[in-house]
Amino acid sequence: MFTERIYNFSAGPSMLPVEVLEKAASEMLNYNGTGTSVMEMSHRSKAFLAIFEETKELLKNTLAVPDSHEILFLPGGASMQFSAIPLNLIGKTGKADYAITGNFSKLAAKEAKRYGEIHIAADTEDQNHTYIPRQADLKFSDDASYFHYCANNTIYGTEWDYVPETGDVPLVCDMSSNILSKPIDVSQYGIIYAGAQKNMAPAGLAVTIVDKALAGGELPYTPIMLSYQTQIDKDSMHNTPPTYNIYMLGLVLKWIEAKDGLVGMAKHNEEKAKILYDYLDESALFKGCAKPEARSLMNVTFVTGNEELDAAFAKEAEKKGLSNLKGHRNVGGMRASIYNAMPTEGLEALVAFMKEFEAKHR
Ligand code: PMP
């Protein structure tokens, strides 16, 4: 039993900012004098449409989304986009290039294979996904409809430190676990997509930012809900969109804005991650899994080298309110997911506990 909030290091759904939760709670029963909760509103109501427009505008401003691109709020999480992307884009040449740097890019490529010929431009499995391929290592095919990569590998704790150059081939990026963590140049991408449950909102919503020039060429059997052109034409309202999640995203975006936007987030995230990585570099017991140059600012993976000790660590940490530190079953060890909403104090508490644990188990 905890009487106060824990530090939740879960990979997602994960922590939301306290200020956001408090604001949502204060508006739960009566949103802005409407006498109703946002959850209970028609998606076509004036009050909800105002929330929808404001959220879209906030996201457009925060990420500096150019007018060439449309923001879509879609159901089905990031995994639904694994299908939507080939269905909408692969028709151009019947082929696409995928870089595999972890579990989710592998799943994305596997799904895309159902719809066309998939060429693997890089695969980091040879070193258990502990590194990021360099630009020179990417093997592109001649006629790919698009190139897909995952900017941050949630399970393995690696993050691309550059944006791949693909010439005229549209760049498609899964940013589920690092969107809104730092500034990006949206104009470099054909499509950016992300599940909301890490840096944006509760689970169930995916945000897709699509270059409008790429829509309209979907395969004939594409389910209508997955057609980007339909969703653009209907402003994400072909059906009832995940309304409450969109409202929550709006609150999160206001929180980010008040913290100096994505420049502020990047600074905050670098400072936070440094606390843990610095300790991992000096510790005699704990060791970081990712190659230093590939380290993620969002998911930090580490081990003691002894599985029993790893399990004991996660278990003891849990009791202290340092929650969900057990690594993903594919990797083992530990993983601390430290998205935007994880405060610096959470990292300080984690490292203090790690030091205590190390002193006991040296
Ligand atoms: N891509 C990445 C990078 C992820 O971390 C996840 C979920 N952890 C997914 C895709 C799948 O997301 P969803 O559960 O929203 O389908």
Side-chain angles (χ1 to χ4, degrees), residues 8-16 72-87 98-112 114 122-125 129-133 146-161 163-164 171-182 184 189 191-209 223 225-226 236 241-242 244-246 248-249 252 269 289-290 294-301 324-331 335-342:
N8 179 8
F9 293 93
S10 163
S14 44
M15 290 180 84
L16 284 161
L72 299 175
F73 297 130
L74 302 172
S79 300
M80 193 77 100
Q81 299 305 302
F82 293 171
S83 317
I85 284 154
L87 282 164
Y98 277 70
I100 296 182
T101 53
N103 181 61
F104 293 106
S105 41
K106 194 171 172 180
L107 288 175
K110 189 174 170 208
E111 177 62 12
R114 294 157 60 96
D123 187 347
T124 54
E125 195 157 13
H129 302 304
T130 51
Y131 70 103
I132 293 298
Y146 62 93
F147 169 81
H148 177 284
Y149 78 110
C150 177
N152 185 77
N153 298 289
T154 322
I155 293 176
Y156 295 89
T158 61
E159 185 167 7
W160 289 63
D161 56 343
V163 178
L171 195 54
V172 176
C173 184
D174 176 356
M175 287 193 193
S176 293
S177 48
N178 69 353
I179 195 163
L180 300 179
S181 69
K182 59 184 175 188
I184 52 166
Y189 298 87
I191 294 182
I192 291 170
Y193 69 100
Q197 65 272 24
K198 298 149 198 309
N199 263 343
M200 294 195 285
L205 169 72
V207 169
T208 297
I209 303 170
M225 280 294 295
L226 300 191
S236 305
Y244 199 76
N245 300 48
I246 294 168
M248 288 296 287
L249 171 58
V252 168
N269 289 324
C289 301
R295 284 172 167 178
S296 164
L297 293 188
M298 298 282 99
N299 310 95
V300 182
T301 48
N324 287 311
L325 284 162
K326 191 169 177 291
H328 188 274
R329 58 192 177 278
N330 287 8
V331 186
R335 171 179 50 176
S337 295
I338 51 174
Y339 301 116
N340 287 349
M342 172 61 68

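Counting convention: from 1, in listed order, for ligands and their atoms alike.
At a 4.0 Å heavy-atom cut-off, ligand 1 touches F82 through the side chain alone. Here L107 has no heavy atoms under 4.0 Å from ligand 1, in either its backbone or its side chain. Proximity of S176 to ligand 1, defined as any heavy-atom pair under 4.0 Å, is confined to the side chain (atoms from C-beta onward).
Protein heavy atom in closest approach to atom 12 (O) of ligand 1: A78 CB, 3.4 Å. Protein heavy atom closest to atom 1 (N) of ligand 1, with residue, atom name and distance, is D174 OD2, 2.6 Å. The nearest protein atom to atom 16 (O) of ligand 1, hydrogens excluded, is given as S79 OG, 2.6 Å; this is a heavy-atom distance. Here the heavy atom of the protein found nearest to atom 3 (C) of ligand 1 is T154 OG1, 3.3 Å.
Between the CG atom of L180 and the CE atom of M298 there is a distance of 10.0 Å, given to the nearest 0.5 Å. If you take CG on L72 and OG on S236, they are separated by 4.5 Å, rounding to the nearest 0.5 Å.
With K198 as the fixed residue, the side chain to side chain contact (heavy atoms under 4.5 Å, CB included) test singles out one of S177, S181, S337: S177. When each of L226, D174, V172 is paired with I85, the side chain to side chain contact (heavy atoms under 4.5 Å, CB included) condition holds for V172 and for no other. Considering N199, N299, N269 in turn, N299 is the only one that fulfils the side-chain hydrogen bond (donor to acceptor under 3.5 Å, both in side chains) rule with Y339.
Side chain of N152 to main chain of S176: no donor-acceptor pair is present (N/O by atom type, distance under 3.5 Å, no hydrogens or angles).
Ring planes of Y193 and H148: tilted class, angle from 30 to 60°. Ring geometry, W160 versus F147: the interplanar angle exceeds 60°, so the pair is classed perpendicular (tilted spans 30 to 60°).
Contact atoms of ligand 1 toward C150: 3 (C) (distance under 4.0 Å to a heavy atom of the residue). The ligand atoms of ligand 1 that sit less than 4.0 angstrom from a heavy atom of Q197 are 12 (O), 13 (P), 14 (O), 15 (O). For ligand 1, the atoms sitting less than 4.0 Å from at least one non-hydrogen atom of G77 are 15 (O), 16 (O), numbered in the order shown with element in parentheses. Taking every heavy atom of N152 and a limit of under 4.0 angstrom, the matching atoms of ligand 1 come to 3 (C).
Looking at ligand 1, you'll find an N or O of K198 within less than 3.5 Å of one of its N or O atoms.
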